[in-house]
Amino acid sequence: MAKTLTARIKDDIVLYGALAANLGIGVAKFVAAGMTGSSSMLTEGFHSVVDSGNQVLLLYGQRKAKQPADEAHPFGYGRELYFWAFVVAILIFAIGAGVSIFEGWRHIQEPEPLTSPTINYVVLAISFALEGSSWTIAVREFSKTKGDMGWWSAIHRSKDPAGFIVLFEDSAALAGLVIAAIGIWASHAFDDPRIDGAASIAIGLILALVAVLLARESKGLLIGERADPAVIATIRKIVAAHPAIVSVNHVRTVHAAPDSIFAAISADFDDAVTMGDGETMIEAMETELRAAVPTLSSIYIRPEKRENATLAPVSAAAPASSGGETTPQR
């Protein structure tokens, strides 16, 4: 049965929370910029527009990624989300950072006297409260999935870009609001409107940094990243536990979606196992593997002599196991 609207919003609460906040404060920022002539406030308005568009794209990617597999895409459409996450990173860099830096440079070249900054401060305070609420939701939801890992390690190993993209965006937005407030105050305090333009450039540089980090993480997911090492270890342990398995040559995994893993397993079967018994054993192993790792959407177990198997090189983080076996990085 299709999910209700309430259920879908609950599933994507981070994205909907960020979208609601950005739509509201974006309009307020543009109004304030028009009334006061503030470059950094105008930059913040564009920032909110870009962020709103990004959340819409991520929601679209989430929806497309949930399409069932078909003949043309036998492993499903999960990587749609990874594609749109990469597009979001490009948009932040090209539009968010680009417009911010250009507007700041223009304001320095052609400074405009600022009017009363009061309305700017009011809008910035409201924006900070709304962005802070969105950021709190993003932090809370991401904390549920990161476990005992550090924040950067959890982001680097996360397979769900929607969560960490909103976390990055909201963090950049809060930093941008602080810089905008300092720029507006300093412009009036030192009677130099060019400072406001410099603040706009600083906001653009922060957005550019965030865009580069997001592009790097999204690219890895789009190309194909392995499952968590603990998942790989579980798969290896379950297969190796069967009496007829002489050795597990390698376990190679790739995420087809945040909650969908393809696993290719090469194992050396005892020579006494007949083809019929092997088929029965493989079916039993697949059932056991899916029970232990529900995110395994596709499993391929290949009987292969140990001496004929192509083993992946040992990585620095994955030491060789006994008997000369290697633990592949992916």
Side-chain angles (χ1 to χ4, degrees), residues 15-58 88-135 138 165-166 168-211 214:
L15 292 174
Y16 280 108
L19 178 60
N22 283 313
L23 287 175
I25 63 182
V27 174
K29 287 176 180 177
F30 279 123
V31 171
M35 295 177 65
T36 63
S38 169
S39 174
S40 57
M41 185 60 73
L42 181 62
T43 290
E44 279 297 304
F46 281 115
H47 184 179
S48 294
V49 170
V50 172
D51 282 354
S52 298
N54 290 343
Q55 272 93 60
V56 171
L57 288 177
L58 289 173
V88 162
I90 294 173
L91 288 176
I92 293 175
F93 185 85
I95 300 179
V99 170
S100 298
I101 293 173
F102 173 77
E103 175 61 25
W105 174 83
R106 188 188 66 81
H107 204 73
I108 291 175
Q109 295 298 312
E110 302 175 7
E112 299 176 9
L114 298 176
T115 59
S116 172
T118 303
I119 187 171
N120 282 333
Y121 293 141
V122 172
V123 171
L124 286 172
I126 295 174
S127 299
F128 197 90
L130 292 174
E131 290 283 9
S133 298
S134 175
W135 181 84
I165 283 179
V166 173
F168 268 102
E169 284 185 342
D170 286 348
S171 298
L174 291 174
L177 290 170
V178 172
I179 292 173
I182 293 174
I184 292 170
W185 172 83
S187 293
H188 285 83
F190 298 101
D191 194 25
D192 187 352
R194 292 176 299 177
I195 297 176
D196 189 49
S200 180
I201 292 176
I203 293 171
L205 293 175
I206 289 177
L207 291 176
L209 175 62
V210 167
L214 290 181

*Which residue pairs pass the salt bridge (Lys or Arg N to Asp or Glu O under 4.0 Å) test with at least one member in residues 19-31, sequence neighbours excluded?*
Lys29-Glu44
*Nearest-0.5 Å distance that lies between atom CG in Leu177 and atom CD1 in Ile182*: 11.0 Å
_Qualifying salt bridge (Lys or Arg N to Asp or Glu O under 4.0 Å) pairs, either residue in residues 175-185, two or more places apart_ = none
*Sequence neighbours left out, what passes side chain to side chain contact (heavy atoms under 4.5 Å, CB included) with Phe30? Give chain and number order.*
Leu42, Phe46, Val49
*Not counting sequence neighbours, list each pair that qualifies as a side chain to side chain donor-acceptor pair (under 3.5 Å) and has a residue in residues 171-185.*
Trp135-Ser171
*asked:* Please report the interatomic distance CD1(Ile184) to OG1(Thr118), rounded to the nearest 0.5 Å.
replied: 10.5 Å
*Mind checking what makes side chain to side chain donor-acceptor pair (under 3.5 Å) contact with Glu169, not counting sequence neighbours?*
Asn54, Gln55
_side chain to side chain donor-acceptor pair (under 3.5 Å) partners of Ser100, counting only residues at least two apart_ = none
*With Leu205, which residues qualify under side chain to side chain contact (heavy atoms under 4.5 Å, CB included), at least two apart?*
Ile101, Ile201
*Residues in side chain to side chain contact (heavy atoms under 4.5 Å, CB included) contact with Ile90, at least two apart in sequence or another chain*: Phe86
*Rounded to the nearest 0.5 Å, what separation is found between the CD atom of Glu131 and the OG atom of Ser48?*
6.0 Å
*Crowded around Phe93 CZ? As in, over 12 foreign heavy atoms under 6.0 Å?*
no
*asked:* List the residues meeting side chain to side chain contact (heavy atoms under 4.5 Å, CB included) with Ala202, not counting sequence neighbours, and say none if there are none.
replied: Ile179
_Partner set under side chain to side chain donor-acceptor pair (under 3.5 Å) for Ser133, not counting sequence neighbours_ = none
